Amino acid sequence: MNIIIKENYEQMSKYAAQIIANFIKAKPDCVLGLATGSTQIGAYRELIRLHKEEGLDFSQVKTFNLDEYLGVGIDLSKPYDLDQSYARFMHEELFKHVNIKKENIYIPDGLTKEPNKFCQWYEEQIKKAGGIDLQLLGIGRDGHWAFNEPGSSLATRTRIHALTKDTLDDNYESFYKKAGIERSQMPHFAITMGIGTILEAKNILMIANGLKKAEVVAQCIEGPITSQITASAIQLHSGGITVVLDKEAASKLKNLEHYMHVEKLKRDYGLDSIA
Ligand code: GLP
């Protein structure tokens, strides 16, 4: 596992975006797994900059998003602030600014009338695309990946899942409150890729910033593997794993100095950062 610690959010975002850009350059038709959250916004902005200023080409890239609230779907006729779907977030924060093809974008359909069937279909589409080459992830304050809340089995597949109070509180603060939506009106269920689905991605790139994530980041990377911190499944992944943190999010890692030392050695020896 590569653990890279950057000075601040901006540097963390730029570094993560560079990893994604390198993947796209090496394999223009790569399959990316994408995530939503305030953590990702900086990396998406940098990808947009790389597209506009350096010609980063998304024309053959395929994307699969991790999750979506159930009962919520993209409605482009609504002002941005009034549509809290993850589909809308992705459209506004990334897709509409780059040359990705609409037919290459997959996001769980929050308005599906047959959620279970949809989940199965979603899994099939990932397989049909050849699997995910690089999965971008954040981490929830309770240690979740996507919407795999504490207690989710580490073998789960794409499915419907109920959200915990902590997650609803966090997402209310970050998104819903600004839109003037009542806390009680938030969706309580989501469609989410499972931990088993995520672990099948060939490479994983997890990013986290800020002091409020420090404790859970340490538990995820250095604590026991447990369904109580579903992101701790990162320790089971067999492919390339890179975790990019800002100093605050890294501040509770026991082996912080060692990670920084290893990273410096890798830089000195010119070794790849995804390994
Ligand atoms: C939501 C998403 C997760 C994300 C988490 C953290 O629960 N489903 O994929 O990692 O929020 O969001 P933020 O980056 O805003 O802290």
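Since the structure is predicted, the reported quantities are computational estimates derived from the model, not experimental observations. For the single chain, residues carry numbers from 1 onward in sequence order. Atoms within a ligand are numbered from 1 in the order they appear, just like the ligands themselves.
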Under 4.0 Å from one or more heavy atoms of Tyr86, ligand 1 contributes atoms 1 (C), 2 (C), 8 (N)
Who's the nearest protein heavy-atom neighbour of atom 4 (C) of ligand 1, and how far? Thr36 O, 3.6 Å
Between side-chain atoms of residues 38-45 and protein atoms elsewhere (two or more places apart, or another chain), which donor-acceptor pairs fall under 3.5 Å?
| from | atom 1 | to | atom 2 | distance (Å) |
| --- | --- | --- | --- | --- |
| Tyr44 | OH | Ala35 | N | 3.2 |
| Tyr44 | OH | Ala35 | O | 2.6 |
| Arg45 | NH2 | Glu93 | OE1 | 3.4 |

Heavy-atom nearest option to atom 16 (O) of ligand 1, drawn from His144, Lys213, Arg141: Lys213
Between Phe64 and Tyr122, is a ring-ring contact (aromatic ring centres under 6.0 Å, His included) present by the stated rule, with each step listed? CA-CA 9 Å; Phe64 285 88; Tyr122 203 67; 5.7 Å; yes
With a cutoff of 4.0 Å, is Trp145 in contact with ligand 1, counting heavy atoms of the residue only? no
For ligand 1, which part of Ser38 has a heavy atom less than 4.0 Å away: the side chain, the backbone, both, or neither? both
Would you mind listing which atoms of ligand 1 come within a distance below 4.0 Å of any non-hydrogen atom of Ile139? 6 (C), 10 (O)
With no hydrogens and no angle check, do the side chains of Asn116 and Gln120 hold a donor and an acceptor under 3.5 Å apart? no
Hey, is Arg157 close enough to Glu200 for a salt bridge, meaning N to O under 4.0 Å? yes
Part of Asp67 within contact of ligand 1 (heavy atoms, under 4.0 Å): side chain
Validation row: Ile20, Leu32 side chains within 4.5 angstrom (heavy atoms): yes
What do you reckon, is NE2 of His188 surrounded by more than 12 foreign heavy atoms closer than 6.0 Å? yes
Identify the closest protein heavy atom to atom 11 (O) of ligand 1: which residue and atom is it, and at what distance? Asn171 OD1, 3.9 Å
Identity and separation of the nearest protein heavy atom to atom 12 (O) of ligand 1: Gly37 CA, 4.0 Å
Hey, which atoms in ligand 1 end up nearer than 4.0 Å to a heavy atom of Ala146? 2 (C), 3 (C), 7 (O), 8 (N), 9 (O)
Interfacing atoms of ligand 1 (cut-off 4.0 Å, heavy-atom, Thr39): 13 (P), 14 (O), 16 (O)
Atom pairs and distances, side-chain donor-acceptor, residues 206-227, under 3.5 Å, sequence neighbours left out:
| from | atom 1 | to | atom 2 | distance (Å) |
| --- | --- | --- | --- | --- |
| Lys213 | NZ | Ile139 | O | 3.0 |
| Glu222 | OE1 | Lys254 | N | 2.7 |
| Glu222 | OE2 | Lys254 | N | 3.3 |
| Glu222 | OE2 | Asn255 | N | 3.0 |
| Glu222 | OE2 | Tyr259 | OH | 2.6 |
| Thr226 | OG1 | Gln228 | N | 2.9 |

We want to know whether Asp57 and Ser59 form a side-chain donor-acceptor pair, criterion being a heavy-atom distance below 3.5 angstrom. yes
